[in-house]
S.K.: 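One structure, pasted below without further comment.
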Amino acid sequence: MFGLMMDEPLLISRQLAFAQRFHGAVEVVSRTVEGPIHRTSWGAVARRAAQLAHALTRLGVKPGDRVATIAWNTHRHLELYFAVSGMGAVLHTINPRLPPDQLVYVVSHAEDSVLFFDTTFTKLAQLAAARCPSVRAVVAMTDAAHLPADLPGALEYEGLLAPEQEAFAWPELDERTASSLCYTSGTSGFPKGVLYSHRSTVLHSYGIAMADALAISAADVTLPVVPMFHVNAWGIPYAAAMTGSKLVLPGPGMDGKSLLELIDDEGVTSLLGVPTVWANLLAHLKSVDRSLTTVRKVVIGGAACPTSMIRAFEEGHGARVVHAWGMTETSPLGTANVMLPKHQGIPYEATLAVKAKQGRPIFGVDLRLIGDDGLEKPHDGATSGHLQVRGPWVASAYFKQEPTDVGTHADGWFATGDIATIDPDGYMQITDRSKDVIKSGGEWVSSIDLENAAVGHPGVAQAAAIGLAHPKWGERPLLLVVRAPGADPSREEIGAWLETRLVKWWMPDAIEFVEALPIGATGKILKRTLREQFAEYRFTT
Ligand code: ADP
């Protein structure tokens with residue numbers, strides 16, 4: 001027997017319509033590429049998204065067509081999010097940090113028909129327009145006064161919208177219709193496309209908005225520093241529309257000074273981004289001797305958040321840190337770290353050990369650990385295994401690939417490529433990516449723990465641990481350290497610091513200082529490049 005409830009499809013256009021109707025006056029503030037701060041509202045975003053949908057129809061965009069963006073977090077990018085998906089086309093957000101051949105690859109693979117770009121990225125748009133025959137039109141996301149001269153034929157965003165009507169009959173799509181497309185960074189091989197649906201996006205929005213997840217709410221002023229070209233800015237634009245959160249978008253200003261200005265001026269309460277961005281903000285706050293006054297919550301994910309960073313925000317700035325884990329293939333949110341009643345009243349130092357973990361799954365994401373023997377491992381907080389996930393916002397296949405290529409198992413789980421433990425309370429902790437593990441004497445050394453311990457030292461700005469061949473143990477860790485500006489810690493000093501924080505056999509066999517670490521398109525340290533660079537390195541002891 002079926003229930004007798006309305007079969008309303010879960011559509012992105014409904015989120016926008018809701019924002020227009022019930023949070024129409026709530027502000028959307030952006031730092032623009034042109035310079036000034038731009039102020040609008042959810043109501044105006046909805047009206048301009050309608051104009052944009054008419055303009056795209058005029059440009060010949062049909063349901064299912066891919067429309068690409070190479071852009072910062074701004075109100076125009078937000079309008080594209082809702083207009084393109086809302087009309088039944090697919091928004092392909094491109095990471096501008098991709099190497100040129102990969103950028104050409106993703107545009108060609110996606111068969112993008114129209115490409116929108118911020119003028120910062122005119123060269124990339126030129127490249128795509130010249131090398132990708134599918135691209136019929138390019139649109140500069142600016143007005144006539146700022147149209148770049150070096151891309152003849154580029155249309156201008158504001159001119160495109162101006163003649164159009166401010167209402168659009170958003171189609172009643174099947175909720176499984178594709179809505180957006182994001183490619184993984186391609187650190188191994190070419191990027192792979194993850195194709196989200198309206199259903200997965202709306203369910204993910206509900207999921208992340210929950211109190212024990214990222215807690216997105218009308219009471220918040222939300223600043224997603226995570227780029228809109230990276231996994232739909234973690235789904236924040238959709239969840240903000242649904243909940244009526246004021247949205248503050250940083251444009252190209254991701255440095256500490258620009259972020260602090262925006263946080264102060266707009267009274268931001270909730271920040272979201274990767275650890276490298278927060279390291280810059282914290283360094284800036286220190287240099288100007290300021291603390292955050294309005295921020296209540298900092299969501300940190302995309303890479304492991306060191307305990308020292310959690311402490312810096314919580315003790316130094318009175319903001320609660322929510323450590324979160326996810327991937328492009330999981331929309332991205334999989335787990336979020338919030339405390340349980342049992343943690344109330346325990347000493348802060350003890351809570352830090354819990355907070356450093358990647359958190360508990362949110363409803364909609366199921367987790368399990370599988371050993372090298374193919375068997376499921378216990379959730380005892382000590383046994384590690386290959387992390388697998390499943391749920392309605394987890395990819396079942398990559399775009400234009402057979403389901404088997406995704407690495408899913410016959411029984412419908414997705415293999416994340418991460419190595420993790422899960423404790424009896426459900427807190428998952430990533431110890432490594434499977435391709436980066438350091439296997440010493442048959443046991444895994446957690447490079448993440450090693451790196452976190454190292455960056456806790458005040459003289460260390462960044463650290464990376466890699467496994468190198470060792471005659472006795474198979475592999476042993478080499479720790480590469482970038483010194484903090486103005487600091488000059490010795491190897492012995494860092495070694496002594498680590499000894500009090502790590503189990504003995506996780507201690508690096510050597511520490512080397514480097515000027516910088518190689519960083520990939522999504523801001524993560526490229527361990528493979530490091531392993532190549534240090535392939536000839538030999539431990540002396
Ligand atoms: P890519 O795989 O293309 O680098 P993703 O953003 O999809 O980009 O990366 C997902 C991976 O990032 C995860 O599989 C995991 O290894 C890592 N990751 C994400 N969040 C965290 C976190 N909080 N702690 C540790 N690793 C994380």
Side-chain angles (χ1 to χ4, degrees), residues 93-95 97-99 102 106 181-196 204 208 213-214 226-235 272-278 298-307 309-310 321-338 354-362 365 367 369 384 386-389 393-395 398 406-407 414-422 427-437 446-452 455 464-465 518-529:
T93 52
I94 299 175
N95 186 337
R97 298 190 197 107
L98 282 180
Q102 292 200 7
V106 297
L181 175 64
C182 184
Y183 283 77
T184 60
S185 65
T187 41
S188 49
F190 270 100
K192 295 185 285 262
V194 178
L195 190 61
Y196 309 96
H204 179 258
I208 67 172
L214 308 188
V226 50
M228 290 171 80
F229 56 74
H230 194 206
V231 214
N232 304 314
W234 295 351
L272 304 100
V274 296
T276 43
V277 163
W278 305 132
V298 187
V299 178
I300 306 181
C305 173
T307 319
M309 183 170 280
I310 301 176
V321 167
V322 177
H323 189 191
W325 168 88
M327 324 175 59
T328 307
E329 290 90 336
T330 63
S331 292
L333 196 67
T335 62
N337 194 320
V338 292
V354 181
K355 288 178 175 180
K357 298 188 177 194
Q358 278 70 11
R360 288 155 36 90
I362 58 170
V365 177
L367 305 180
L369 299 174
S384 55
H386 299 273
L387 179 68
Q388 298 191 346
V389 297
W393 58 77
V394 177
Y398 290 111
V406 83
F414 170 72
T416 63
D418 285 328
I419 307 291
T421 59
I422 301 174
Y427 287 88
M428 184 273 286
Q429 181 161 30
I430 305 270
T431 55
D432 248 309
R433 298 204 86 170
S434 55
K435 57 183 196 290
D436 295 332
V437 292
S446 170
S447 64
I448 293 187
D449 278 311
L450 217 169
E451 291 157 5
N452 280 350
V455 295
I519 304 289
T522 48
K524 290 173 203 177
I525 296 168
L526 296 174
K527 296 270 181 93
R528 197 172 49 150
T529 310

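Remember, it's a predicted structure, so these values are computed and weren't measured experimentally. Read the numbers this way: they start at 1 and go in the same order the structure lists the ligands and their atoms.
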S.K.: Should one rank Asp418, Asn95, Leu333, Val231 by closest heavy-atom distance to atom 15 (C) of ligand 1, which comes out on top?
M.R.: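 Minimum heavy-atom distance to atom 15 (C) of ligand 1 goes to Asp418.
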
S.K.: Name the option, out of Glu329, Gln429, Lys524, that contains the heavy atom nearest to atom 10 (C) of ligand 1.
M.R.: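 Answer by nearest heavy atom: Lys524.
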
S.K.: Specify side chain, backbone, both or neither for Cys305, according to which of its non-hydrogen atoms lie closer than 4.0 Å to ligand 1.
M.R.: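 The answer is neither.
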
S.K.: Hey, which atoms in ligand 1 end up nearer than 4.0 Å to a heavy atom of Gly302?
M.R.: 12 (O), 17 (C), 18 (N), 19 (C), 20 (N), 21 (C), 27 (C)

S.K.: State which residues pass salt bridge (charged side-chain N to carboxylate O under 4.0 Å, His left out) with Asp449; sequence neighbours excluded, sorted by chain then number.
M.R.: none

S.K.: Grab the two heavy atoms, one from Ala213 and one from Val322, that are nearest each other, plus how far apart they are.
M.R.: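 That closest heavy-atom pairing would be O-CG1, 4.0 Å.
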
S.K.: At under 4.0 Å between heavy atoms, which part of Thr328 makes contact with ligand 1: side chain, backbone, both or neither?
M.R.: both

S.K.: Which atoms of ligand 1 have any heavy atom of Trp325 under 4.0 Å away?
M.R.: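 Atoms satisfying the 4.0 Å criterion: 13 (C), 15 (C), 18 (N), 19 (C), 20 (N), 21 (C), 27 (C).
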
S.K.: Identify which of Lys435, Met327, Arg433 has a heavy atom lying nearest to atom 2 (O) of ligand 1.
M.R.: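 Among Lys435, Met327, Arg433, the closest heavy atom to atom 2 (O) of ligand 1 comes from Arg433.
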
S.K.: List in chain and number order the residues that pass side-chain hydrogen bond (donor to acceptor under 3.5 Å, both in side chains) with Asp432, two or more places apart in sequence or in another chain; answer none if no residue qualifies.
M.R.: Ser447

S.K.: Take Tyr398 and Val194 through the test side chain to side chain contact (heavy atoms under 4.5 Å, CB included) and record every step on the way to the result.
M.R.: CA-CA 5 Å; Tyr398 290 111; Val194 178; 3.9 Å; yes

S.K.: Short question: side chain of Trp278, backbone of Gly273 - any donor-acceptor pair under 3.5 Å?
M.R.: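 At least one qualifying donor-acceptor pair exists.
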
S.K.: Any atoms of ligand 1 less than 4.0 Å from a non-hydrogen atom of Gln358? List them with their elements.
M.R.: 22 (C), 23 (N), 24 (N), 25 (C)

S.K.: State the CG-OH distance between Leu98 and Tyr183, to the nearest 0.5 angstrom.
M.R.: 11.0 Å

S.K.: Work out whether the distance between some heavy atom of Ala324 and some atom of ligand 1 is less than 4.0 Å.
M.R.: yes

